[in-house]
Amino acid sequence: MNPAAAFEEAYRRAPEGVWHAPGRINLIGEHTDYNDGLVLPFAIGLGVSVAAARRDDDVLHVRSLQAADEGVEVRPGDRVPGWAAYPAGVAALLREHGVRGASLLIDSDLPAGAGLSSSAALECATALALCELYGVEIGRRELAALAQRAENDYVGVPCGIMDQSASLLCEDGHALLLDCRSGLSGQVPFAPGAAGLTLLVVDTRAEHALGDGEYARRRAECEEAARLLGVPALRDVKDLAAALGSLADPVLRRRVQHVVTENHRVEAAAGLLRAGAVAELGSMLTASHLSLRDQYEVSWPEADVAVEEALRTGARGGRMIGGGFGGSVIVLVAADRAAAVRDAITGAYAARGWTAPVISAPAPARGAHRVS
Ligand code: ADP
Ligand code: MG
């Protein structure tokens with residue numbers, strides 16, 4: 001059932017409109033966001049849709065076709081638990097701008113918690129719907145910051161600005177070069193298909209227990225290194241050799257090495273894409289992976305095998321994406337080699353007795369927009 005029909009069934013009236021906000025994949029720039037650095041995400045075709053209509057009171061009604069509950073009613077000042085906190089947080093922050101009550105019906109084809117950023121898609125689809133319903137004009141960069149604040153303050157997740165910026169600002173056929181310190185961004189052409197290339201996403205189906213604790217530890221290590229180096233954040237390290245020379249701890253040296261070189265790789269990747277050299281991006285991806293594996297030490301065996309098999313089969317490059325210790329790998333490969341790469345990775349997993357990977361090829365898509 002489409003979201004408009006589901007809205008009618010749930011609320012016994014027609015919605016005033018349907019809005020869509022996409023998930024994203026970050027091409028390069030891993031563990032750079034909380035170091036005030038650069039990232040390069042692109043929006044994918046999968047996302048969250050919200051069918052919505054105003055109410056003549058201040059109550060927010062939310063239902064999701066993916067939630068087990070029958071829906072939630074949120075009054076001004078209410079704090080709600082669970083998934084409804086995402087749209088409720090957005091609505092609460094938009095109240096200051098004149099947004100009042102609404103009924104929302106949420107539907108999504110984006111798997112939640114899979115690293116494709118369903119949370120930001122949910123926030124951004126809700127934000128766009130409420131703004132357009134109430135004629136509130138907020139620029140998309142400001143709206144991204146508002147959605148991030150909703151997740152920080154109402155859900156309690158200390159996320160950065162990348163996911164919301166990608167969902168709201170990405171354009172079809174482009175990746176978004178985003179400076180996580182300033183929130184400023186620019187469009188960079190990214191159309192692998194037009195260059196005879198395919199970007200595969202390999203869900204390694206692996207989740208290693210260390211994940212959360214190690215993520216917090218990396219953040220703390222970066223803060224400690226920045227403190228020792230006397231810079232506000234690792235993105236401010238200008239002379240890598242001097243910085244490495246001044247740090248006694250080999251672990252901190254490896255962390256700094258990754259963050260500083262990864263930032264340079266994002267800039268180089270954006271430069272290559274601007275020059276139309278999409279295939280050359282592959283070597284940047286592989287360099288990022290090796291750095292995440294050896295310097296940042298967040299890769300996992302299934303990711304390493306996926307990247308090795310892809311390269312062995314002639315892919316241009318590939319890397320793990322996300323925080324590490326589980327999740328997905330991206331691979332850039334000539335379109336006519338994509339099937340061979342898929343087979344090689346699947347075969348290597350089977351030979352090791354691992355769960356079969358799930359491999360897809362999501363194309364770059366446009367950012368959040370009104371559907372009807
Ligand atoms: P990710 O953003 O990587 O998908 P998160 O843990 O940040 O993972 O966000 C997932 C959460 O977002 C879910 O647990 C749920 O609370 C909420 N969410 C995402 N999609 C939906 C949906 N279609 N309906 C209801 N809640 C959703
Ligand atoms: Mg999220």
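All ligand and atom numbering here is 1-based and tracks the order in the structure. Here the structure is a predicted model, which means the values were calculated and not measured.
- A donor and an acceptor atom, one from each side chain of H289 and D304, are located under 3.5 Å apart.
- L199 and V202 are assigned to two separate hydrophobic clusters, defined by single-linkage of ILVMFWY side chains at heavy-atom distances under 4.5 Å.
- Taking a cut-off of under 4.0 Å to the non-hydrogen atoms of S108, the atoms of ligand 1 that pass are 23 (N).
- Between R100 and D58, the shortest heavy-atom distance links the atoms NE-OD1, 2.9 Å.
- Remark: side-chain polar atoms of S328 are not paired, donor with acceptor, to backbone N or O of I321 under 3.5 angstrom.
- Neither side chain, Q257 nor S291, offers a donor N or O lying under 3.5 Å from an acceptor on the other.
- Using modelled atom types and a 3.5 Å distance limit, the side chains of W354 and E302 yield no donor-acceptor pair.
- For the residue pair W83 and S64, no side-chain donor N or O sits within less than 3.5 Å of a side-chain acceptor on the partner.
- Nearest protein heavy-atom neighbour of atom 9 (O) of ligand 1: S119 CB, 3.3 Å.
- What sits closest to atom 13 (C) of ligand 1 on the protein, heavy atoms only, is A112 CB, 4.1 Å.
- Remark: the backbone N or O of L38 is not paired with any side-chain donor or acceptor of D33 at under 3.5 angstrom.
- Ligand 1 lies less than 4.0 angstrom from a heavy atom belonging to S117.
- Neighbours of the Mg ion (ligand 2) restricted to protein N, O or S atoms under 2.8 Å: the count is 1.
- Counting heavy atoms closer than 4.0 Å to ligand 1, residue S118 contributes atoms from both its backbone and its side chain.
- Counting atoms of ligand 1 from 1 in the listed order, those under 4.0 Å from a heavy atom of L122 are 18 (N), 26 (N), 27 (C).
- For atom 26 (N) of ligand 1, a protein heavy-atom neighbour is present inside the 4.0 Å cut-off.
- Counting only N and O atoms by type, the side chains of T32 and N263 include no donor and acceptor under 3.5 Å apart.
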